[in-house]
Structure formats: C-alpha cells, structure tokens
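By convention here, the first residue in the shown sequence is residue 1. This structure is a prediction, so every number in the text was calculated from the model and none was measured.
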Amino acid sequence: MISVAVDAVHTALHFPGLRVSCSRRNGWWHETRRYRDADFTYYNVVPAIDALLDAGILVDYDLQPAGRSTGIQSSYRPAPWLAEVALPDLRHEVAEVIRMKDIEGRLVDYRDNDRTRRDRSMLAKVNRRLAEADIGLVVPAAVRDDNAIRLDGYAVFPGMTSLYRVYKGGWDRGGRFYGGWWQSCRKTHRQHLTIDGHRTVELDYHQIHPRLLYGIAGRHLEGDAYTISGWDRDVVKKAFNTLLNTQDFEEARGAIAKNLGADRDTAEWLILDITMRQPDIKSYFHSGIGMSLQNIDSEICRQILVQMYRHGIVALPVHDSFIVAEQHEDTLSKVMQTTFDTVAKTAQKLF
C-alpha cells in the first residue's frame with residue numbers, strides 16, 4: 001500500500017492527470033511475476049488499491065470487467081492534492097534486470113540460461129557502481145524539483161540509475177540496455193553531465209548499423225550512408241532504419257510515407273534512391289534484420305560495460321554511445337574500437 005501511495009504522489013507531482021493501469025486478472029500477475037518483488041501479488045496489490053480508492057487517495061477508477069479479456073486494464077488517477085505531498089529522495093530499483101518481450105511488446109516469462117545468469121551477474125556489479133557514482137547535470141536551465149530535474153519541456157529522475165536489458169521475441173533479437181536517467185536527456189543536455197564532479201565526454205559509433213551490414217556482406221562502407229543528394233540526412237537515416245525493421249516492400253513504403261507525412265510515391269522514390277546508394281546491402285532491406293542488428297550492437301554495449309568496469313571507470317551507455325569522465329576518453333575510445341572489431345567479426349560468421 002505504501003509503494004502504491006508513493007507512486008501516486010510521484011505521478012501526481014510530475015505527471016498530473018496521468019492514468020495508472022493495474023490488472024485485475026489473476027493470470028496476468030502470475031504470468032509476469034518474474035518482474036516484480038515477490039510481495040507484489042494479485043492478492044496484495046489489488047486490495048491495497050481498493051483501500052486507497054476508498055480513502056480518496058486514488059480516484060476516477062475505471063474498472064474493467066473481470067474474467068473478460070478486453071485488452072484494456074483497469075486504471076485510476078492519483079488524487080490531485082497528492083501533488084502537495086513532500087517525498088524523500090527516491091531511488092528506483094529494478095526487480096528483474098533481464099527482460100523478455102513478445103513481438104507485441106508484452107513482458108513474458110522465460111527459462112533462465114547461461115546468458116541470463118551471466119548478464120544478471122554483470123548488471124549487479126555495474127548497477128552497484130552506478131548507484132555509488134555521483135552523476136550530475138550542470139545546466140543553467142535545469143531546476144531540481146523533489147526527485148526530478150526539470151529541463152526545457154521535460155523532466156528526468158536522477159534516482160533511476162539501474163540498467164536492465166530488454167530482448168524482443170528471442171535471445172537473438174534486441175537486448176539493448178535501458179533504465180539510466182541520462183538516456184532520457186536530449187543530446188544537447190547530455191554534454192553537461194558530470195561524473196563524480198568531473199566534466200564528461202560522449203563517444204558514439206557513427207553509422208553503426210550500416211557499418212555492421214557492410215561487414216556482414218564482406219564489404220567496406222565508403223562515405224556517409226545517410227547522405228543522398230536531394231534528401232535531408234535525418235529523413236534518409238529514419239527511412240534506412242525503417243527498411244531494416246520492416247518485413248516487406250509494401251510495409252516499408254507505407255511506414256516511410258507515414259513518417260514523412262508524404263504520399264507512397266515519394267516514399268518509393270526515397271527507397272529507390274537508398275537502394276541505388278547501397279547496392280551491396282540492398283538484400284537486407286525490408287528483411288526484418290533490424291532487431292538482429294540491435295542484438296549485435298547490444299552485445300557491443302555489454303562488452304564495453306564489462307571492460308570499463310574492469311578498468312574501474314564509470315561508463316553511462318546510451319545504446320550506441322557512451323559517456324565517461326573526460327580523463328577516461330582515450331581508454332573508452334580504445335575499448336570501443338577493439339570491441340566493435342571483435343563483435344563485428346563474430347557477426348559476419350553468423351549471417
């Protein structure tokens with residue numbers, strides 16, 4: 001009941017009006033029990049919510065019919081007056097750091113294996129070091145508000161330092177690391193991050209997926225894969241990634257047209273231009289290989305986190321980039337280069 005109430009206060013303060021969903025289907029609690037503390041069960045949480053509703057701490061309850069799958073969970077809103085309640089400093093702890101989602105994006109259970117045990121052990125060490133580090137943000141426009149740092153039109157929550165890994169549909173799909181509050185910062189703000197009082201630097205892999213694809217094809221990427229005459233680079237980059245994450249041409253054309261806010265003919269012209277620019281890897285377009293590439297770049301991330309931990313260096317991952325204190329830039333650069341080369345060679349053998 002305390003956890004639900006604290007979450008309600010936090011939501012009322014930082015996300016006023018937001019509805020909080022809660023399943024009243026016992027099966028859902030059983031199916032997803034891996035991802036919660038053992039005390040958070042159907043028989044504990046649902047009565048706690050009912051009691052808080054009776055007390056007026058939670059309001060506007062939208063109760064969905066029990067025993068009937070509607071695809072919509074019951075939900076409530078925190079009482080607006082909760083925004084006036086002061087909270088102590090909160091630290092978000094992740095119950096399960098290895099997560100598996102199905103193709104619809106729903107958390108599902110899985111059997112532990114050597115990979116999950118390895119990753120869970122690694123993340124326990126990395127997360128402990130992240131929790132001990134003083135990760136700050138020195139931006140004139142930043143305003144500290146209880147457990148949040150408010151920036152230009154959004155907020156981040158410094159208590160969220162624990163990383164977790166998310167696979168999507170299989171152990172060879174996805175696997176990226178999420179959870180760190182710095183990942184929610186815009187790039188213009190990330191340059192003002194500090195680690196234990198030191199200024200930081202962010203190094204990233206330029207064009208990581210095109211480079212990986214060219215390596216898999218046994219070719220070398222020349223120039224910028226996203227630069228095509230007559231098209232904005234960001235538009236090409238988004239379309240390129242769409243081509244990797246769709247299953248066929250029609251799906252790709254429709255998705256790109258929607259993203260562009262243009263007609264399907266314009267989307268088709270863009271696909272044609274990208275294909276002509278990338279003949280060596282065109283066979284991978286609209287093949288659904290995108291999630292497999294994410295799995296490869298997530299393995300690069302894992303190995304970098306391990307190496308930086310062994311060096312005693314705090315590294316903040318942002319998918320294909322990493323943030324360290326300035327004095328560790330050279331070490332990070334060398335680790336990133338050797339790790340990419342090693343993993344890319346392994347990936348080439350898998351396709």
Side-chain angles (χ1 to χ4, degrees), residues 1-26 28-29 31-32 35-37 39-42 44-96 99 101 104-107 137 139-162 164 166 178-190 258-259 261 318:
M1 190 178 294
I2 292 172
S3 295
V4 175
V6 168
D7 178 74
V9 173
H10 180 80
T11 302
L13 177 61
H14 300 295
F15 307 99
L18 182 71
R19 300 195 69 85
V20 179
S21 64
C22 174
S23 178
R24 297 187 73 93
R25 185 173 65 85
N26 193 8
W28 180 89
W29 291 89
E31 294 158 6
T32 59
Y35 300 102
R36 290 182 305 278
D37 185 278
D39 288 335
F40 288 77
T41 67
Y42 172 84
N44 289 340
V45 178
V46 172
I49 289 174
D50 289 343
L52 292 169
L53 284 161
D54 290 341
I57 292 173
L58 307 180
V59 298
D60 193 16
Y61 196 37
D62 179 20
L63 177 62
Q64 295 296 314
R68 186 155 53 91
S69 179
T70 63
I72 302 174
Q73 290 187 344
S74 300
S75 62
Y76 56 81
R77 297 184 199 274
W81 59 266
L82 292 177
E84 305 301 322
V85 177
L87 285 176
D89 287 342
L90 301 176
R91 179 172 295 280
H92 180 71
E93 295 184 0
V94 179
E96 175 56 84
R99 303 183 180 187
K101 291 185 176 182
E104 301 297 330
R106 295 171 299 211
L107 287 170
L137 184 63
V139 179
V143 177
R144 186 63 188 252
D145 182 5
D146 287 334
N147 289 280
I149 298 177
R150 296 192 179 278
L151 296 157
D152 300 329
Y154 72 104
V156 292
F157 303 93
M160 300 177 66
T161 60
S162 294
Y164 55 88
V166 182
Y178 300 90
W181 67 269
W182 56 88
Q183 296 177 332
S184 297
C185 292
R186 294 171 186 159
K187 190 169 186 178
T188 53
H189 290 146
R190 290 203 302 268
K258 182 177 180 180
N259 292 338
V318 190

Shortest non-hydrogen contact from [X] to [Y]?
| X | Y | result |
| --- | --- | --- |
| M160 | W182 | O-CZ3, 4.4 Å |
| Y154 | S184 | CE1-O, 3.4 Å |
| Y164 | G179 | CE2-CA, 3.6 Å |
| P158 | N147 | CD-O, 3.5 Å |
| S74 | Y61 | CB-OH, 3.8 Å |
| L137 | H189 | CD1-O, 3.3 Å |

Determine whether R19 and Q73 make a side-chain contact, defined as any pair of heavy atoms from C-beta on separated by less than 4.5 Å.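 SC-SC contact between R19 and Q73 ruled out.
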Please name all residues satisfying side-chain contact (heavy atoms from CB on, under 4.5 Å) with [X], sequence neighbours left out, ordered by chain then number.
| X | answer |
| --- | --- |
| Y42 | N26, W29, V46 |
| N259 | T242 |
| T41 | Y43, N44 |
| K258 | none |

Partners passing side-chain hydrogen bond (donor to acceptor under 3.5 Å, both in side chains) against [X] (at least two apart in sequence or in another chain):
| X | answer |
| --- | --- |
| S3 | none |
| E96 | R34, R120 |
| H10 | none |
| R150 | H14, D145 |

Could you give the distance from OH (Y76) to CD1 (I49), rounded to the nearest 0.5 Å?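 One finds 4.5 Å between OH of Y76 and CD1 of I49.
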Kindly compute the distance separating CE (M1) from CG (L52), expressed to the nearest 0.5 Å.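 It comes to 5.0 Å.
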Could you give me the CA-CA distance, side-chain angles and deciding distance for L58 and V20, then say whether side chain to side chain contact (heavy atoms under 4.5 Å, CB included) is met? CA-CA 10 Å; L58 307 180; V20 179; over 6 Å; no
Partner set under ring pair (Phe, Tyr, Trp, His ring centres under 6.0 Å) for F40, not counting sequence neighbours: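 Per chain and number, F40 pairs via ring pair (Phe, Tyr, Trp, His ring centres under 6.0 Å) with no residue.
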Tell me, please, which residues at least two apart from Y178 pass ring pair (Phe, Tyr, Trp, His ring centres under 6.0 Å).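 Testing Y178 for ring pair (Phe, Tyr, Trp, His ring centres under 6.0 Å), a comparison that skips the adjacent residues, returns H319.
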Could you pull out all donor-acceptor pairs under 3.5 Å where a side-chain atom in residues 77-89 meets a protein atom, sequence neighbours excluded?
unit_1 : atom_1 : unit_2 : atom_2 : d
R77    : NE     : D60    : OD2    : 2.9
R77    : NH1    : G17    : O      : 2.1

Indicate yes or no for a side-chain donor-acceptor contact from R186 to the backbone of D152 under 3.5 Å, with no hydrogens or angles considered.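 Side chain of R186 to backbone of D152, a donor-acceptor pair under 3.5 Å: yes, one is there.
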Tell me, which pairs form a salt bridge (charged side-chain N to carboxylate O under 4.0 Å, His left out) where one or both residues lie in residues 44-58, sequence neighbours left out?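 Qualifying pairs: R24-D50.
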Checking side chain to side chain contact (heavy atoms under 4.5 Å, CB included) for the pair V94/R99: CA distance, chi angles, key distance, verdict? CA-CA 11 Å; V94 179; R99 303 183 180 187; 3.3 Å; yes
